[in-house]
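The figures that follow rest on heavy atoms only: side chains count, while hydrogens, waters and symmetry mates do not.
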Amino acid sequence: MGKIIVSSLISIDGFAAAPNGEFVPPEPTADLFRHFIEPNMQSGIFIYGRVTYEFMVGYWTSSAADPTEAAKLAAMRKFVYSKTLQNADWGRVTISRGDDLAADVAAMRRETDKDLTILGSATLVNAFLRAGLVDALHLLVNPMTLGAGTPLFQGGHDRTRWKLTGARPFDTGAVLLNYDRA
């Protein structure tokens, strides 16, 4: 059975998005692709909140996206959590209202024995943390402070110990920190 992994960018001061919701990634390099993006692509199912899903659709269906990578992402299984999204037509997508996260996770785990990866989606991450469903954190710390924005960790969940399982600095100054639930 795969783990539920939170894979997220985070600024040095703890924000997953800038004040107006902007996505602020570190500079894309071959090193970052090989050790952060490519491992995420091994997931069995991607899990998104609506905002992250719409960002991903917008980018990966645009002419700026690499067509080979875009086709891989479109073919992957995806769950989108939203109270308002009515249609999701980017490949194999299920919309969930989030009424029973544990039941959703059980259904996803019946579909794959690979990891289930939550990409971005700070509000959703916190709902999964409150439900005690997160097994691992893969945090890509961007070497920047944003001063304000959407915090990745918003509280309201139990105190949890995490064990560092990997730390990798990148040529951009970003650092990938991997933690498993202790």
Connected to M1, directly or through other members, by ILVMFWY side-chain contacts below 4.5 Å are none
Flag yes if F33 and F46 sit in one hydrophobic cluster, no otherwise; membership is Ile, Leu, Val, Met, Phe, Trp, Tyr, and two members link when side-chain heavy atoms are under 4.5 Å apart. yes
Identify, with sequence neighbours excluded, every residue that meets side chain to side chain donor-acceptor pair (under 3.5 Å) alongside T94. R77
Across all chains, not counting sequence neighbours, the side chain to side chain donor-acceptor pair (under 3.5 Å) partners of S82 are T84
Determine whether a donor-acceptor pair (N or O, by modelled atom type, separation under 3.5 Å) exists between the side chain of E22 and the backbone of N20. yes
side-chain contact (heavy atoms from CB on, under 4.5 Å) involving T112 - partner list, sequence neighbours excluded: I45, K114, L116
Can you confirm whether the side chains of D115 and S43 place a donor and an acceptor under 3.5 Å from each other? no
Determine whether L119 and M108 fall in the same hydrophobic cluster, where Ile, Leu, Val, Met, Phe, Trp and Tyr are linked whenever their side-chain heavy atoms lie under 4.5 Å apart. no
Qualifying residues under side chain to side chain donor-acceptor pair (under 3.5 Å), relative to R109, sequence neighbours excluded: D135
Mind checking whether Y81 and F128 have parallel, tilted or perpendicular rings, split at 30° and 60°? perpendicular
Grab the two heavy atoms, one from A167 and one from L177, that are nearest each other, plus how far apart they are. CB-CD2, 3.9 Å
Do other residues, nucleotides or ligands put more than 12 heavy atoms under 6.0 Å from K163 NZ? no
Between side-chain atoms of residues 147-156 and protein atoms elsewhere (two or more places apart, or another chain), which donor-acceptor pairs fall under 3.5 Å?
| from | atom 1 | to | atom 2 | distance (Å) |
| --- | --- | --- | --- | --- |
| Q154 | NE2 | P151 | O | 3.0 |

Under a 3.5 Å threshold, yes or no: a donor from one side chain and an acceptor from the other, between N142 and S11? no
Less than 4.0 Å between a side-chain N and a carboxylate O, is that true for R161 and D180? no
Between S121 (side chain) and G49 (backbone), is there a donor-acceptor pair under 3.5 Å? yes
Does the gap between the ring centers of F79 and Y48 come in under 6.0 Å? no
Measure from the side-chain N and O atoms of T160 to the backbone N and O of D158, and report whether any donor-acceptor pair falls under 3.5 Å. yes
Would W60 and I118 show up in the same hydrophobic cluster when neighbours are defined by side-chain heavy atoms closer than 4.5 Å? no
Cut-off 3.5 Å, side chains only: do N40 and T117 have a donor facing an acceptor? no
Spell out, as yes or no, whether a donor-acceptor pair under 3.5 Å connects the side chain of N178 to the backbone of T165. no
